Amino acid sequence: MSKAERQIDDLYAEDPIRADAEVFGRHTDVSRRGFLGGAGLAAMSAAVGGTIVHQANMPAGLIPAALAQETKAPAAPAPAASGPQKLNFPGKNPNLVVLGEKPLVAETPEYLLDDDTTPTDKFFIRHNGTPPQAPSDLDSWKLTIDGEVNKPIEITLGELKKRAPAKTYRMVLECGGNGRSFFTPTARGNQWTNGGAGCAEWTGIPLATLLRAAGVKQSAVYTSNYGADLHLSGDMKREVISRGVPIAKAMNEYSLLVWAMNGKPLENVHGGPLRLIHPGYPGSTSHKWLTKITLRNKVHDGQGMLGTNYRVAIKPMMPGGKADDSNFRILESMPVRSIITSPQNGHRLAAGTRELRLRGAAWSGEPEVRRVDLSTDFGATWQPTRLANPRNRYDWRRWTATLKLPSDGYYEVWTRATDSSGRSQPHVAGAWNPQGYGANPMHRIAVLVG
Ligand SMILES: Nc1nc2c(c(=O)[nH]1)N[C@H]1C(S)=C(S)[C@@H](COP(=O)(O)O)O[C@H]1N2
Ligand SMILES: [Mo]
């Protein structure tokens, strides 16, 4: 890269607004204001490595995918050359990206989510505390159901497995903060891109089976989950996390007590021997190392239930502004999202290539995914992808597409999913909230031909 190109690149990384003014703001006549032109276009083309084929549609304010940072560094900005920190954890893919070490948090970059079923070694990790030691006899693990029930239950995992026929469903588990890094200004918490999600086969029995056996009282409105992990401080009395769901969600047939993942006993890192899966809801409700569920006669108030924790603004708030508690509601259904899993951002094709094959995935919380469309011209035109059917409710939908490339140069491919409630992914993360939930802007990749 030349010095000038380097400068644009650095400027976008450091101060996108100024970079934008430099590239878009000057040298543009009134009729083209807001679009790239003249010297700005030349500089931008140099920075991205080729002629921007659909430059006429490129909006001002857009940091090209080729220059956009993949992963924001957790604390102090890392030198540009060092890149994201890779995970070193037994049994895990070394290309998972570490977002935090204490507690351990690691995400799966989009290109690693290219399997129909996410293999366990590629599945994201999100701890809030210190995981408990794995017991030597998994089947002796105990679970208690109490609170607003007629007959509290204490049951071992061994007994649980014999209680009802096991079900296996392929379902998305997604962290409530997935997409957080797309918010401006930066929201508090792990800076997930789109990789706080995965779609695995979960085996267990419906939570409803056990709750019915305990006899759910009329007064029960909400669950509260407890597990065996330890607070980072080591203080046994402090709660790591304790969330819950409305009773109707707990009684849903896809809410499972899970002991196996992808056909193998659930690993310690994913909450083994026993965890909950509440598909479609923030991952934090899917309690790991589960020891107790207490039914409550009011909404739960445990760790992670109050203030701006897993709660979003009802009326839009000023980005970066102060939160008014009364304007917040619990985040329940996760928003619709699609990702391009192949090729990877920054893909290069030989000069003269006129076709690009793509693969990806799309999912949504409670609604279903209805369509996924792609654009190579900054959203001016869209074309549909071929969507595979989900195996069961809460499964993701894999998609494929072949796009025509009219000439050599720089392209961005954008993906946009639409769900059964008619909602689509926005261009940029909206509905800012202090802890950054619900960011689901379109995913995009840069592709360079020649
Ligand atoms: N006991 C316990 N359960 C937990 C957590 C935790 O820290 N402790 N983290 C939650 C969060 S925030 C998420 S996103 C998922 C992550 O599950 P995974 O690590 O298996 O991917 O587990 C949830 N269950
Ligand atoms: Mo999470």
Side-chain angles (χ1 to χ4, degrees), residues 70-71 84 86-87 89-99 104-127 167-179 190 192-204 254 256 258-272 275-286 288 334-345 358-365 368-369 372 385 387-400 415 417 440 443 445:
E70 293 276 300
T71 302
K86 303 292 183 75
L87 180 68
F89 190 93
K92 282 289 179 183
N93 187 295
N95 289 313
L96 294 193
V97 174
V98 176
L99 302 183
L104 181 61
V105 181
E107 76 167 336
T108 318
E110 293 93 349
Y111 73 92
L112 278 188
L113 289 169
D114 198 34
D115 305 86
D116 284 354
T117 304
T118 311
T120 306
D121 73 297
K122 294 180 186 166
F123 208 91
F124 80 99
I125 302 168
R126 194 329 181 196
H127 295 342
K167 304 274 185 197
T168 297
Y169 300 124
R170 195 171 73 181
M171 302 191 285
V172 173
L173 176 69
E174 179 173 28
C175 182
N178 203 23
N190 298 297
W192 302 102
T193 62
N194 285 306
C199 190
E201 290 176 3
W202 307 102
T203 301
Y254 293 93
L256 295 185
V258 165
W259 59 77
M261 177 181 184
N262 293 331
K264 301 243 171 63
L266 186 63
E267 287 179 13
N268 175 263
V269 68
H270 292 300
R275 80 174 300 166
L276 268 171
I277 292 288
H278 280 305
Y281 270 43
S284 53
T285 62
S286 293
K288 303 195 278 189
M334 292 292 291
V336 63
R337 189 184 306 274
S338 62
I339 55 172
I340 298 164
T341 62
S342 177
Q344 195 176 343
N345 187 22
L358 298 113
R359 283 189 299 272
W363 63 94
S364 174
E368 287 166 31
V369 170
V372 175
T385 63
L387 279 168
N389 285 327
R391 279 196 197 163
N392 48 256
R393 187 103 172 72
Y394 301 109
D395 188 12
W396 62 14
R397 297 189 75 171
R398 303 296 310 183
W399 58 259
T400 54
T415 175
N440 64 334
H443 179 217
I445 59 163

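Please read these numbers as outputs of a predicted model, since none were measured by experiment.
Across all non-hydrogen atoms, the minimal contact from D121 to G91 is CB-O, 3.2 Å. In plain terms, the two heavy atoms of T108 and A197 that are nearest each other are OG1-O, 4.4 Å. Among all heavy-atom pairs drawn from F124 and C175, the shortest one is CZ-N, 3.9 Å. Contact record, S338 with A417: OG-N, 3.5 Å, taken as the closest heavy-atom pair. Looking at every heavy atom in both residues, K288 comes nearest to G271 through CB-CA, 3.3 Å.
Residues passing the side chain to side chain donor-acceptor pair (under 3.5 Å) test with N440: none are found, sequence neighbours excluded. Contacts of E368 classified as side-chain contact (heavy atoms from CB on, under 4.5 Å), with partners at least two apart in sequence or in another chain: R370, R393, S420.
Residues T193 and H443 fail the side-chain proximity criterion, which asks for heavy atoms closer than 4.5 Å. Counting heavy atoms from C-beta on, the side chains of Y111 and I340 never come closer than 4.5 Å. Side-chain contact between S342 and L358 is absent, with no heavy-atom pair separated by less than 4.5 Å. In this structure, P279 and V172 have side chains that are not in contact, with every pair of non-hydrogen atoms separated by 4.5 Å or more. Proximity of L99 to R126: side-chain heavy atoms (C-beta onward) are nowhere separated by under 4.5 Å. A heavy-atom distance below 4.5 Å is found between the side chains of V372 and L387. In this structure, the side chains of T203 and W259 come closer than 4.5 Å at one or more pairs of heavy atoms.
Side chain of K167 to main chain of Y254: no donor-acceptor pair is present (N/O by atom type, distance under 3.5 Å, no hydrogens or angles).
For the side-chain hydrogen bond (donor to acceptor under 3.5 Å, both in side chains) criterion with R170, the lone passing option out of T117, T118, N392, N262 is T117.
Using a 3.5 Å distance cut-off with no hydrogens or angles, the side chains of T120 and E267 do not pair a donor with an acceptor. Side chains of T341 and R398: a donor on one and an acceptor on the other come within 3.5 Å.
Taking CG of L276 as the start and OG of S286 as the end, the distance is 6.5 Å to the nearest 0.5 Å. Atom-to-atom distance recorded for K92:NZ and I125:CD1 is 4.5 Å, nearest 0.5 angstrom. Rounded to the nearest 0.5 Å, atoms SG (C199) and CG (D395) are 4.5 Å apart. For the atom pair CD of E107 and CG of N178, the computed distance is 7.0 Å after rounding to the nearest 0.5 Å. One finds the CD1 atom of I339 at 6.5 Å from the CG atom of N194 (value rounded to the nearest 0.5 Å). Distance check, rounded to the nearest 0.5 Å: CG of L104 to CG of L87 gives 6.0 Å.
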### Task
Show your working on side chain to side chain contact (heavy atoms under 4.5 Å, CB included) between L173 and W202 and close with a plain yes or no.
CA-CA 10 Å; L173 176 69; W202 307 102; 4.1 Å; yes
### Message
Evaluate R337 against E174 for salt bridge (Lys or Arg N to Asp or Glu O under 4.0 Å), listing each step before the verdict.
### Response
CA-CA 11 Å; R337 189 184 306 274; E174 179 173 28; 2.8 Å; yes
#### Entry: side chain to side chain contact (heavy atoms under 4.5 Å, CB included) between R359 and D114, worked out
CA-CA 7 Å; R359 283 189 299 272; D114 198 34; 2.8 Å; yes
### Query
Between N93 and F123, is a side chain to side chain contact (heavy atoms under 4.5 Å, CB included) present by the stated rule, with each step listed?
CA-CA 9 Å; N93 187 295; F123 208 91; over 6 Å; no
### Task
Begin from the C-alpha positions of K122 and D115 and carry the test side chain to side chain contact (heavy atoms under 4.5 Å, CB included) through to its verdict.
CA-CA 10 Å; K122 294 180 186 166; D115 305 86; 2.8 Å; yes
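Atom CD of E201 sits in a crowded spot, with more than 12 heavy atoms from other residues, nucleotides or ligands closer than 6.0 Å.
Proximity of the aromatic rings of W396 and Y169 is defined here by a centroid distance below 6.0 angstrom, and this criterion is not met. Taking the six-membered ring for Trp and the full ring otherwise, W363 and Y394 have centroids separated by 6.0 Å or more.
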